[in-house]
Amino acid sequence: MTQQPLLQVKGLKTHFFLDEGTVKSVDGADFSIMPASTVGVVGESGCGKSVTAFSILQLVSHPGRIVEGEILWRRNGQNSEVVDLAKLKPNSRAMRAVRGGEISMIFQEPMVSLSPVHTVGDQITEVLRQHRNLNKKDARDRAIDMLRKVGIPQPERRIDTYPFQMSGGMRQRTMIAMALACHPTLLIADEPTTALDVTTQAQILELMLGLQREFNMAIMMITHNLGVVAEICNYVIVMYLGEVVEQAPVDALFHDARHPYTQALLRSIPVLGQSKTGRLDPIKGMVPDPYNRPQGCAFHPRCDRKIAGKCDLERIPLTSLPDGRTVRCVLYQ
């Protein structure tokens, strides 16, 4: 039997309606996530990665809202019902059951994502009691077990500490314990190694992969770090100005990127052993003002391969290539 996608995002548009104008943070995103896979979502700041994640969980705050598209979530296995999360109300019982229980998220900054006035134990047990209907003792025992799984020493004592009493790495581990307490099917990790030293980063990534194998879950990894993507992901989604511009298996993308933006991203990575006198090759120009998006291909003002009269006029659709990858570029139409 052909494996079905766990999550399918089709034509997702999430816009913010401000006094200054409309910001199209996500403007027609299309991608899928397969069960137990690790998918990397990459792109420059402001390309819509985090807003896409917030849209999946219906956490987009006012004045933003989903204006178009589908978020098809397959509940409880391959033969179960498919729910369009975009049609659920953010505070509905159905959405709350999915959020935290079936899809969990590690937020970008653990320093501010954890409540400073509640112990870490209170914050983890609240998730368990909300989604698993456990009593206080069972929820506390399970919270201690999760803290142990994520490598926090003396979890019986640490459960009663406050976040400000922990280091950055310990807080990140606590966030992971909270996100995985209910054994979700999909974990969205938004820059999970930000502000951590390289040794702690490696430990956090190893921990996440180990827990992924144990719980058989999929991971959607949002990151700027292409090294992290190369190390742990098996599929990559590249976003630019709210659109998916390329999707490919990780090896194919790093060895034969097709979209000019992806190629420029890879050229801008420092190479180990490169001459100290050599210069990095940054992407020319800046990400366009979100209030004044370019007509046609969003990347064409910075692209060396643009075709005048085409790239600057036409909205470019995603093109499926013979090897299974997709790319949004006139060069492959």
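All residue numbers refer to positions in the sequence shown, counting from 1.
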4.5 Å side-chain heavy-atom contact, W73 and T185: yes

Going by an N to O cut-off under 4.0 Å, is there a salt bridge joining R74 and E81? no

CE (M146) and CD1 (I124) are apart, to the nearest 0.5 Å, by 8.0 Å

Taking atom NE2 of H255 and atom CG of L266, what is their separation to the nearest 0.5 Å? 10.5 Å

Residue pair P288 / P294, side-chain heavy-atom distance below 4.5 Å: yes

How close do Y240 and C47 get, heavy atom to heavy atom, and via which atoms? CA-CB, 4.0 Å

Do the non-hydrogen side-chain atoms of M105 and D190 ever get within less than 4.5 Å of each other? yes

Heavy-atom side-chain contact between H224 and E191 under 4.5 Å: yes

Joint cluster assignment, V83 & L59, ILVMFWY side-chain distance < 4.5 Å: yes

Measure the CZ-CG distance between R173 and L147 for me, rounded to the nearest 0.5 Å. 11.0 Å

Distance-minimising heavy-atom pair for M217 and P184: CB-O, 3.4 Å

Given M221, which of I106, V42, L205, V236 fulfils the side-chain contact (heavy atoms from CB on, under 4.5 Å) condition? L205

Could you tell me whether a side-chain N or O of R293 sits under 3.5 Å from a main-chain N or O of L241, the two making a donor and an acceptor? yes

Counting only N and O atoms by type, is there a donor-acceptor contact under 3.5 Å from the side chain of S37 to the main-chain atoms of I33? no

Show your reasoning for whether side chain to side chain contact (heavy atoms under 4.5 Å, CB included) applies to M34 and Q4. CA-CA 7 Å; M34 303 300 291; Q4 298 295 318; 6.0 Å; no

Would you say the side-chain atoms of Q212 pair up with the backbone N or O of A218, donor to acceptor, closer than 3.5 Å? no

Once the angle between the rings of H259 and F299 is folded into 0 to 90°, is it parallel (under 30°), tilted (30 to 60°) or perpendicular (over 60°)? tilted

For T319 and L321, run side chain to side chain contact (heavy atoms under 4.5 Å, CB included): C-alpha distance rounded to whole Å, both residues' side-chain angles, the deciding distance at 0.1 Å, then the answer. CA-CA 6 Å; T319 300; L321 303 184; 4.2 Å; yes

Note: R129-D122 ion pair, threshold 4.0 Å (strictly below): no

Is a donor on one side and an acceptor on the other found under 3.5 Å between the side chain of R96 and the backbone of N91? yes

Compare every heavy atom of A230 with every heavy atom of V250, then report the nearest pair and how far apart it is. CG2-CA, 4.0 Å

Test D27 against R315 for salt bridge (charged side-chain N to carboxylate O under 4.0 Å, His left out), laying out the working first. CA-CA 11 Å; D27 197 31; R315 180 71 180 258; 3.5 Å; yes

Under a 3.5 Å distance rule, please check whether R65 uses its side chain to pair with a backbone N or O of T14 as donor and acceptor. no

Linking I/L/V/M/F/W/Y whenever any side-chain heavy atoms sit under 4.5 Å apart, do V82 and F31 land together? no

In terms of side-chain heavy atoms, does Q247 have a donor or acceptor partner in T326 at a distance below 3.5 Å? yes

dist D145:CG -> I159:CD1 (nearest 0.5 Å) comes out at 10.5 Å

Is I232 reachable from I188 through a run of I, L, V, M, F, W or Y residues, each pair having side-chain heavy atoms under 4.5 Å apart? yes

For the student: nearest non-hydrogen atoms of I152 and P155, plus distance: O-CD, 3.5 Å

When rounded to the nearest 0.5 angstrom, what is the spacing between CG in L57 and CD in E102? 11.0 Å

Any chance the side chains of H15 and S25 put a donor and an acceptor closer than 3.5 Å? no

Where the side chain of Q165 meets the backbone of Y162, is there a donor-acceptor pair that is under 3.5 Å apart? yes

Give the C-alpha distance, both sets of side-chain angles, the deciding distance and a yes or no for side chain to side chain contact (heavy atoms under 4.5 Å, CB included) between E243 and V26. CA-CA 6 Å; E243 296 179 325; V26 182; over 6 Å; no

Would you confirm whether H118, through its side chain, and S115, through its main-chain N or O, come within 3.5 Å as a donor-acceptor pair? no

Side chain to side chain donor-acceptor pair (under 3.5 Å) with E246: which of R325, R258, Q263? R325

Test your reading of the model: is there a side-chain donor-acceptor pair from R328 to the backbone of I316, 3.5 Å cut-off? yes

Taking side chain as C-beta onward, heavy atoms only, is V9 less than 4.5 Å from S32? no

Do D160 and T119 get their side chains close enough for a donor-acceptor pair, meaning under 3.5 Å? no

Quick one: do R142 and D138 make a salt bridge, cutoff under 4.0 Å? no

Set of residues satisfying side-chain hydrogen bond (donor to acceptor under 3.5 Å, both in side chains) with respect to T223, sequence neighbours excluded: none

Note: G100 and C182 closest approach over all heavy atoms is O-CB, 3.7 Å

Donor-acceptor pair, side chain of D84 and main chain of I71, under 3.5 angstrom: yes

Distance only, no hydrogens: is a donor on one side chain within 3.5 Å (strictly under) of an acceptor on the other, for E44 and Y261? yes

Can I237 and M239 be said to form a side chain to side chain contact (heavy atoms under 4.5 Å, CB included), step by step? CA-CA 7 Å; I237 297 166; M239 293 189 69; 4.3 Å; yes

State, to 0.1 Å, how close G101 and R132 come at their nearest heavy-atom pair, and which atoms those are. O-NH2, 3.6 Å

Would you say the side chain of S92 lies within less than 4.5 Å of the side chain of M95, judging by non-hydrogen atoms? yes

Heavy atoms from other residues, nucleotides or ligands near CG of N133 exceed 12 (cutoff 6.0 Å): no

Check this for me: E126, atom CD, are more than 12 non-hydrogen atoms of other residues, nucleotides or ligands nearer than 6.0 Å? no

Less than 4.0 Å between a side-chain N and a carboxylate O, is that true for R148 and E156? yes

Is there side-chain contact between K24 and K13, with heavy atoms separated by less than 4.5 Å? no

Has the side chain of T174 got a donor or acceptor atom that lies under 3.5 Å from a matching backbone atom of M170? yes

Same cluster for V244 and L72 if Ile/Leu/Val/Met/Phe/Trp/Tyr side chains link at under 4.5 Å? no

So if you build clusters from Ile, Leu, Val, Met, Phe, Trp, Tyr with side-chain heavy-atom gaps below 4.5 Å, do I103 and L211 land together? yes

So does K306 have more than 12 non-hydrogen atoms from other groups sitting under 6.0 Å from NZ? yes

Would you mind reporting whether V41 and M220 have side-chain heavy atoms less than 4.5 Å apart? yes

CG/L7 to CG/L85 distance, rounded to the nearest 0.5 angstrom? 7.0 Å

Dump the intermediate steps for salt bridge (charged side-chain N to carboxylate O under 4.0 Å, His left out) on K284 and D304, then the final yes or no. CA-CA 9 Å; K284 293 189 297 185; D304 293 330; 2.7 Å; yes

